[in-house]
Every structure is written in C-alpha cells, then in structure tokens.
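What follows is a short report on a single structure.
All values below come from the heavy atoms of this structure, side chains included, with hydrogens, waters and symmetry mates left out. Just so you know, ligand 1 is whichever comes first in the structure, and atom 1 is the first atom listed for that ligand.
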Amino acid sequence: MSLYRIIRPLAFALDAETAHRMTIAALRALPARRPPDSPASLRTTVAGLDFPTPVGLAAGFDKNAEVAEQMLSLGFGFVEVGTLTPRPQQGNPRPRLFRLREDRAVINRLGFNNRGQADSFARLIECTHMHGGVIGVNVGANKDSSDRIADYVAGIRAMAPVAKYLTINISSPNTPGLRGLQNEGALNELLAALEEIGVGKPIFLKVAPDLGEADPERIVRAALDHKIDALIVSNTTVSRPPLKSRHAGETGGLSGAPLRPLALEALRNFRRASAGEIPLIGVGGIGSVDDAWERIRAGASLIQLYSAMVYEGPQIAARIARGLAERVRREGFANVAEAVGTERI
Ligand SMILES: Cc1cc2nc3c(=O)[nH]c(=O)nc-3n(C[C@H](O)[C@H](O)[C@H](O)COP(=O)(O)O)c2cc1C
C-alpha cells in the first residue's frame with residue numbers, strides 16, 4: 001500500500017490550503033534522491049531540452065520552488081515552479097482553494113500568492129536538475145502592476161539564469177484582466193517585448209481552455225511570429241461542466257477530471273491550428289495512463305498534471321510513466337515521440 005493511502009485521510013481532514021502547506025513541508029524534509037531510471041523509449045527532446053519522461057508537474061503546486069528536486073526524485077520528468085511575480089503578493093482572501101472530492105476536481109482562486117521571484121531564485125540556484133530532470137519557471141504579473149508587460153519582461157530576465165525553460169502565464173482566471181493579454185493586440189505587444197530581450201532560454205506560452213473558435217489560429221500565428229518555443233494547453237477553466245460537489249458554485253478556476261474533455265478539445269484545436277509547427281504540452285484532467293496516452297496521440301509532446309496528484313499522491317507520475325512505456329511498446333512505436341499526434345483528426 002502506498003504511503004499516500006495512509007496520509008490522504010489526514011490531509012483530507014484539513015482544509016485544502018493547510019493540507020497543501022503541510023505536504024510541501026513534508027516534501028521539503030525528504031532527501032532529494034535519485035529518480036527512478038526512465039526507459040529510453042520515454043526520453044524525448046522538446047525545444048532543444050532533453051526530458052527523461054514526458055510526464056511533468058504543472059505550475060501551481062510548487063509556487064515558491066521549494067520542492068522541485070524532490071518532485072523530480074518522485075518520478076516527474078520535469079517540474080514547473082511558480083507562478084512567480086516580480087514582487088511578493090498575498091493573493092486573494094481565504095478560503096480560496098477547494099477540493100471537489102465527488103468530482104475528483106479542484107477549484108482555486110488563489111490569485112498568484114507567492115513570495116516573489118528573488119526568493120525562489122536563491123533556492124533554484126542550488127538545484128542541480130538531478131539526473132537530467134528539467135525545472136521550468138512560470139512567471140506572471142503582480143495584481144497591482146501598472147504595466148503588466150513590463151512585469152513579464154522583468155520576470156523572464158530575472159529568472160532565465162535558473163530556468164531550463166520559462167513559461168508566460170497569461171491564462172490564470174484569478175488575476176482580473178490577465179486573460180485579456182491573450183487578445184490579439186496585447187498578445188503581439190507582449191510577445192514582441194519578450195522577443196526583444198533574447199534571453200537564450202526556451203519560452204513557453206500557457207493558454208486558457210476557454211477560447212473562441214478563431215483564437216487558436218490567432219495565438220499560434222502570434223507564437224510563431226515571435227518565436228515562442230511551445231504552447232501549454234491549458235490552464236484551469238472558468239466554465240462549469242456539471243458537478244456534484246457542494247463547492248461547485250465557488251468562483252475560480254476548475255481543474256481535474258471535469259476539465260479533461262475541455263482541455264483535450266482545446267489541444268486538438270491547437271493541433272489543427274498549428275499543424276506540427278510548434279510543440280504542444282497537454283495539461284488538464286490527466287489522471288491515468290489512458291488520459292496521458294490520449295493527450296499524446298492528440299498532439300502533446302509532453303504532458304503535465306496537478307489535480308490528480310491531490311487524489312492519487314505523487315507516485316502518480318512514476319505510475320503513468322511506467323504505463324506509457326508499456327503502451328509505447330505494445331502499440332509498436334519505437335519511442336513516445338513517434339506516437340505524438342498520431343490520432344487522426
Ligand atoms: C491549486 C492550483 C493552483 C494553480 N496555480 C497555478 C499557477 O500559479 N500558475 C499556472 O500557470 N497554473 C496554475 N494552476 C493550473 C495548473 O497548472 C493546470 O494548468 C491545471 O490545474 C489543469 O491541470 P490539472 O487538471 O492536472 O490540475 C493551478 C492549479 C491548481 C489546482
């Protein structure tokens with residue numbers, strides 16, 4: 001029986017944010033150990049970076065870069081820390097994080113609570129990216145910033161030295177107006193400003209699942225024009241598919257199982273719009289080997305997860321990686337990269 005099966009009832013007896021804080025504290029106490037060896041068939045290269053497995057930890061779990069190496073030792077092929085804003089900020093008032101147990105989902109309206117970029121920089125500089133695991137840094141804008149584009153430029157500059165890749169997060173629903181940066185004029189202005197700095201590290205753009213029909217094509221065009229290296233599809237949704245939990249009416253971004261069909265559809269739309277010209281990273285509601293495989297065949301070169309780990313424990317990454325290796329073999333592919341985008345659309 002996994003340790004998490006014992007810990008889970010204790011964690012679930014606490015409110016979600018306290019449980020998260022205690023989980024981070026427990027993980028910090030773990031020595032960063034050698035991760036399980038990844039089979040050669042799972043190794044993959046995206047945006048010039050070598051990933052030991054395509055299964056990553058999505059942004060938001062390790063906001064302050066406290067346990068990135070521990071998460072790599074637990075079997076994640078890559079870990080995205082953040083979102084980090086230039087200055088520390090408190091985020092929204094509590095309660096602001098809800099487990100929807102009956103739906104295997106989470107609603108959060110944290111609002112980029114984090115200790116600021118300088119604080120994480122000091123820790124990330126110590127990271128050795130053990131055994132090839134990749135640590136990416138996700139950056140955002142402060143809520144009270146008068147110039148959000150300047151915040152992204154500052155974040156990319158500040159964090160590039162300690163990041164293998166950087167993610168521009170313009171898709172959180174919890175900072176009022178942030179998603180407006182996905183609109184045409186604002187997006188081009190932002191991406192042009194980032195292109196100008198030329199930090200020499202791959203830059204990924206993370207998008208929302210709640211987009212209009214013409215948006216994927218427009219966003220892909222802007223990303224290609226400004227040499228973005230990959231698109232992360234997607235962040236949480238502000239929509240509310242049918243839910244059973246008493247927390248269903250809470251404001252915020254919904255993640256976990258109910259997001260799966262929306263995020264999968266969004267990924268397919270981005271694949272259609274991009275026709276293989278830019279790598280896609282699939283995230284949203286992935287909780288099993290089948291989900292991961294479906295996302296890869298739909299066009300994801302890498303996948304990420306967060307909410308399923310709340311319900312299944314951190315071993316989920318190693319379990320999905322093992323299952324993927326088996327699936328690659330069974331379906332007659334030489335490696336996982338060969339399976340990317342093999343679903344017919
Ligand atoms: C509690 C919580 C906090 C999150 N915080 C961030 C964040 O700071 N930045 C970000 O880009 N995404 C954040 N996300 C979104 C996740 O990275 C991911 O895109 C989303 O949860 C969908 O994946 P999942 O269904 O596997 O959780 C957060 C998600 C959750 C549940």
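- With a 4.0 Å cut-off on non-hydrogen atoms, Ala308 does not touch ligand 1 at all.
- One distance of note links CG of Leu181 with CG of Leu205; it measures 10.0 Å at 0.5 Å rounding.
- Closest to atom 26 (O) of ligand 1, if we only count protein heavy atoms, is Tyr306 N, 2.9 Å.
- Residue Ser171 places no heavy atom under 4.0 Å from ligand 1.
- Taking each of Asn138, Val207, Leu84, Asn235 in turn, the one with a heavy atom nearest to atom 15 (C) of ligand 1 proves to be Asn235.
- By the 3.5 Å distance cut-off applied to N or O atoms, Gly256 is counted among the residues near ligand 1.
- Ser255 OG, 3.4 Å is the protein heavy atom nearest to atom 31 (C) of ligand 1.
- Protein heavy atom in closest approach to atom 4 (C) of ligand 1: Gly60 CA, 3.6 Å.
- If you check which protein heavy atom lies closest to atom 27 (O) of ligand 1, you get Ser307 OG, 2.6 Å.
- Looking only at distances, a side-chain donor or acceptor of Arg43 sits under 3.5 Å from a matching main-chain atom of Ser38.
- With hydrogens and angles ignored, the 3.5 Å screen pairs a side-chain donor or acceptor of Asp62 with a backbone N or O of Ala68.
- The option with the heavy atom closest to atom 12 (N) of ligand 1, from among Lys206, Met309, Arg96, is Lys206.
- A donor-acceptor pair shorter than 3.5 Å can be found between the side chains of Thr18 and Asp15.
- Near Leu305, meaning under 4.0 Å from one of its heavy atoms, ligand 1 places the atoms 26 (O).
- At least one N or O atom of Ala59, backbone or side chain, sits closer than 3.5 Å to an N or O atom of ligand 1.
- Lys143 NZ: 12 or fewer foreign heavy atoms inside a 6.0 Å radius.
- Side-chain contact, Arg109 with Thr251: no donor N or O sits under 3.5 Å from an acceptor N or O.
- At a 4.0 Å cut-off, at least one heavy atom of Gly284 sits close enough to ligand 1 to count as contact.
- Where the criterion is an N or O separation shorter than 3.5 Å, residue side chain and backbone included, Lys63 meets it with respect to ligand 1.
- Using a 4.0 Å cut-off between heavy atoms, Leu97 contacts ligand 1 through its side chain alone, with no backbone atom that close.
- Of the polar atoms of Gly285, at least one N or O is found under 3.5 Å from an N or O of ligand 1, judged by distance alone.
- Below 3.5 Å of separation, one finds no N or O of Glu80 facing any N or O of ligand 1.
- At a cut-off of 3.5 Å, with distance as the only test, a side-chain donor of Glu80 or Thr167 sits close to an acceptor on the other residue.
- Other residues, nucleotides and ligands contribute at most 12 non-hydrogen atoms within 6.0 Å of the CD atom of Gln90.
- Contacts with ligand 1 closer than 4.0 Å are made by heavy atoms of both the backbone and the side chain of Thr83.
- Asn235 and Ser171 share a side-chain donor-acceptor pair at under 3.5 Å.
- Backbone and side-chain nitrogen or oxygen atoms of Thr236 are examined, and none is located within less than 3.5 angstrom of a nitrogen or oxygen of ligand 1.
- For ligand 1, the polar-atom distance check finds no N/O of Gln304 at less than 3.5 Å from any of the ligand's N/O atoms.
- Annotation: Tyr311 is in aromatic contact with Phe12 [ring centroid separation under 6.0 Å].
- Atom CZ of Arg246 sits in a sparse spot, with 12 or fewer heavy atoms from other residues, nucleotides or ligands closer than 6.0 Å.
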